[in-house]
Novice: 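Before anything else, here's the structure in question.
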Amino acid sequence: MLLKVENVHKSFNVEVLKGISLEVNKGDVVAILGPSGSGKTTLLRCINFLEKAEQGTLTFDDVTYDLATISKKDINNIRKKTAFVFQNYNLFLNKTVLQNVTEGLIIGRGMDKNKAREIAVAALKRVGMDNRLDAFPSQLSGGQQQRVAIARALATDPEIIYFDEPTSALDPELIGEVLNVMRDLAEDGMTMLVVTHEMNFARNVSSKIVFMDEGEVIETADPETFFENPKEERAKTFVQGIISARN
Amino acid sequence: MTQRVLEILINAFWRILLPGIKVTLPLTFFSFALAFVISVIVALIQYADVKILKQICRFYIWFIRGTPLLVQLYVVYYGLPQIGIKLEAVPAAILTFGFNEGAYMAESMRGALEAVPKGQIEAGYCVGMSYLQIIRRIVLPQALRTAFPSLSNSLISMVKGTSLASVITITEMFRQAQIINAIYYEPLWLYLEAAMFYLLFCSVITLIQRAGEKKLSTYGGVK
Ligand SMILES: Nc1ncnc2c1ncn2[C@@H]1O[C@H](COP(=O)(O)OP(=O)(O)OP(=O)(O)O)[C@@H](O)[C@H]1O
Ligand SMILES: [Mg+2]
């Protein structure tokens, strides 16, 4: 087991995470599904310390930390082994494609410039963006920006990548190129925790579904079971909703 | 304009321009440099929400913006000696102009910092950068770019503002024009001549600003 969170609580005025627990094994692609406002983004942000959970534990590489009291040093150490892909890319707007990827290596990790460049180019190649090294984010389409963001994540050689709806800010015709990159990563054995509304991706690529609603995990299942034969009432309604939306 | 006036103006040309180059421009340069440093520090303290220091910065801005520059100059040059702080005229002017314009520039800088999309800070954390690294390499460069036009405006207003240094005995362009006028009494033409030099300096800065803005453009030229 690579990552385990237990009993995560988080409130903004009202409680939005009401004791969430989940596990991710090495090589897993876990898809977090759920209606809008159910707390999926908040959960990912708590796991990567972009929000502070009031309660809960996180076990990473067999060390357990208390989310409410974890030290800055531990946060930095864990962050160096994880990566985050945001819904709206969050590329560094004053940096080129190449610099966006090398920044975390050279500045964050003190890596030698030539080595960083080598790694960055390889990562950009993996997402098909190695032909735009000197472009600025504002010169790229959303899909291209998101692929650069994925390369930025890959370059740091993370043990797990968190994705928060990586395709939902994209025009429909650009979604495919990003999902294809993610599918390739999954096939290469990358561990991923993915919040998504892309049901085909969840169904065909993920190894596990975690269904959330109103700040709770309602059902955890393999994709086949979840989509064909969900147990919980709310999961059934959710799956029904998807099917009827498609028809 | 009579032959006499023309001769006075020609004769005064270098006599006014020279203190312009030797006094007005250096005064502007050093005051602006000071103001720039102050503004970046004050803006960053507020942006990063540093307790106590932030209160001090707000007080500083409140005080400067609520009092006239002329009064500030008098306080620093004529007032401070009463409590044992004696400054030469030029350092007094540089300090006053620097702290004065610094307050206004700090507000523009703060606005520019706030305008940098926050998600980039989180992305910086996620790739292992520290807060200071993110500020220095990601946020500040973008904010400086955004603030560039308003900083240029501050520079222009500072060129003109240095004429106030005449009241604390500094012979910059305007005071020199006054001195010459005391001899010939041609206030209209002599002060217009001084005005023309200010106009010249400000126009040059505006040209440089335009060129600079083109050159910097936004990263990648789009936005
Ligand atoms: N910074 C915040 N301040 C206040 N409330 C917040 C904040 N972030 C999220 N919330 C609230 O927490 C709840 C969960 O939000 P969250 O963004 O985690 O949902 P989500 O499952 O990611 O939804 P979506 O599918 O729309 O992205 C929502 O009711 C939201 O309004
Ligand atoms: Mg969300």
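We name chains A, B, ... by the order of the sequence lines, and we start the count at 1 in each one.
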Novice: Please check if the number of heavy atoms outside B/Glu88 that lie under 6.0 Å from its CD is greater than 12.
Specialist: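 Open.
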Novice: For chain B, which residues of residues 106-125 of chain A have at least one non-hydrogen atom nearer than 4.5 Å to it?
Specialist: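 Against chain B, the residues of residues 106-125 of chain A that fall inside the cut-off (heavy atoms, under 4.5 Å) are A/Ile107, A/Gly108, A/Arg109.
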Novice: For residues A/Glu103 and B/Val127, determine if any side-chain heavy atom of one lies less than 4.5 Å from a side-chain heavy atom of the other.
Specialist: no
Novice: Tell me, yes or no, whether the heavy-atom count around B/Arg58 atom CZ, taken from other residues, nucleotides or ligands under 6.0 Å, exceeds 12.
Specialist: yes
Novice: Step through the shown structure and confirm whether more than 12 heavy atoms of other residues, nucleotides or ligands are within 6.0 Å of OH on B/Tyr191.
Specialist: yes
Novice: How many angstroms lie between atom CE of B/Met129 and atom CG of A/Asn76, to the nearest 0.5 angstrom?
Specialist: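 Taking CE in B/Met129 and CG in A/Asn76, the distance rounds to 12.5 Å.
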Novice: Does atom CD1 of B/Ile52 have more than 12 heavy-atom neighbours, drawn from other residues, nucleotides or ligands, at distances under 6.0 Å?
Specialist: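 Not more than 12 within 6.0 Å, no.
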Novice: Do other residues, nucleotides or ligands put more than 12 heavy atoms under 6.0 Å from B/Tyr78 OH?
Specialist: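 For B/Tyr78, atom OH is crowded (more than 12 foreign heavy atoms under 6.0 Å).
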Novice: Please report the closest heavy-atom contact between B/Ala123 and A/Arg152, naming both atoms and the distance.
Specialist: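 Closest approach of B/Ala123 to A/Arg152: CB-NH2, 3.4 Å.
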Novice: Measuring from A/Ile75:CD1 to B/Tyr125:OH, what's the distance to the nearest 0.5 Å?
Specialist: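 It is 10.0 Å, given to the nearest 0.5 Å.
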Novice: Give me the contact list for residues 84-91 of chain A versus chain B, heavy atoms only, anything under 4.5 Å, ordered by residue number.
Specialist: A/Phe84, A/Phe86, A/Asn90, A/Leu91
Novice: Could you tell me which portion of A/Thr82 (side chain, backbone, both or neither) has an atom closer than 4.5 angstrom to a non-hydrogen atom of chain B?
Specialist: backbone
Novice: Using a cut-off of 6.0 Å, state whether more than 12 heavy atoms not belonging to B/Lys86 lie near its atom NZ.
Specialist: no
Novice: Taking the side chain as every heavy atom from C-beta outward, state whether B/Arg137 and A/Asn94 have any atom pair closer than 4.5 Å.
Specialist: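 A side-chain contact under 4.5 Å is absent here.
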Novice: Rounded at 0.5 Å granularity, tell me how far SG in B/Cys126 sits from CG in A/Leu50.
Specialist: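 One finds 4.5 Å between SG of B/Cys126 and CG of A/Leu50.
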Novice: Roughly how far apart are A/Glu51 CD and B/Glu122 CD, rounded to 0.5 Å?
Specialist: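 It is 7.5 Å, given to the nearest 0.5 Å.
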